[in-house]
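As the structure is a computational prediction, the values presented were derived from the model and not from experiment.
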Amino acid sequence: STIMKDIYNDIINPNAGDETINRGNLIFTSLASVVAIAIALFPNDYIQLIVNFSIGGVAAGFLFPLYLGLYWKKATPVAAIAGCLGGFSTYILATVSKAGSFFKVITFGAPAVVVGLTVSLLLMLLLSQCTKKVRKGVYEVWFCKTYDAEYAKLK
């Protein structure tokens with residue numbers, strides 16, 4: 001539904017009706033299901049690697065930006081983006097680097113997900129202190145402080 005709503009309906013055909021969007025959702029869901037079934041029926045040695053790599057990358061990239069963005073009032077959008085990109089990139093570098101390489105030496109052999117999470121957290125904390133804060137209206141709507149209908153109109 002994200003493909004149909006965000007890509008097709010918003011960019012390609014803004015006048016698409018509900019029937020077209022529902023048909024597209026069915027097609028894309030069916031295609032994803034066929035691919036998943038094919039992978040399950042004909043497994044190979046790389047499936048576990050792909051699963052581990054994707055879960056670790058999502059955790060390293062999104063855990064702290066999401067958590068701190070939701071519950072820490074000083075979090076900023078720039079810090080969240082930097083935390084996501086930095087954590088995910090570091091996770092990839094730590095995962096694909098060879099044992100004994102310089103990257104493994106400077107991380108003291110820590111697991112790749114721990115290194116990615118650490119970088120993500122540090123970027124989030126440090127950049128939130130030195131980047132532009134969120135506007136008061138957005139802050140009040142997000143944290144439910146004196147909600148007013150005017151604040152909900154983001155420009």
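Listed for the T131 side chain is a donor-acceptor partner under 3.5 Å among the backbone atoms of L127. Although no hydrogens or angles enter the test, the distance criterion places a donor-acceptor pair under 3.5 Å between the side chain of S120 and the main chain of G83.
Taking the centre of each ring, F62 and F88 stay at or above the 6.0 Å mark.
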Given L125 and L68, is the side-chain contact (heavy atoms from CB on, under 4.5 Å) satisfied, shown in steps? CA-CA 9 Å; L125 293 175; L68 293 175; 4.2 Å; yes
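Between M124 and A75, the closest heavy-atom pair is CE-CB, 3.6 Å. The two residues L123 and A82 have their closest heavy-atom pair at CD1-O, 3.3 Å. Taking all atoms of both residues into account, the shortest heavy-atom contact from F53 to Y91 is O-CE2, 3.4 Å. Summarising the geometry of V119 relative to G87, their closest heavy-atom pair is CG1-N, 4.3 Å, with the distance given to 0.1 Å.
L117 and L126 are members of different hydrophobic clusters when ILVMFWY side chains are connected at heavy-atom separations under 4.5 Å. Placement of V35 and Y46 in two distinct hydrophobic clusters is found when ILVMFWY residues are connected by side-chain heavy-atom separations under 4.5 Å, directly or transitively.
In the displayed structure, N44 atom CG is contacted under 6.0 Å by more than 12 heavy atoms of other residues, nucleotides or ligands.
Cluster partners of L26, using a side-chain heavy-atom cutoff of under 4.5 Å among ILVMFWY residues and allowing indirect links: none.
Residue pairs meeting the side-chain hydrogen bond (donor to acceptor under 3.5 Å, both in side chains) criterion with at least one partner in residues 19-39, sequence neighbours excluded, are E19-R23.
Separating the CZ atom in F42 from the CD1 atom in I37 is a distance of 11.5 Å, to the nearest 0.5 Å. We find the CZ-OG1 distance between F64 and T118 to be 7.5 Å, quoted to the nearest 0.5 Å.
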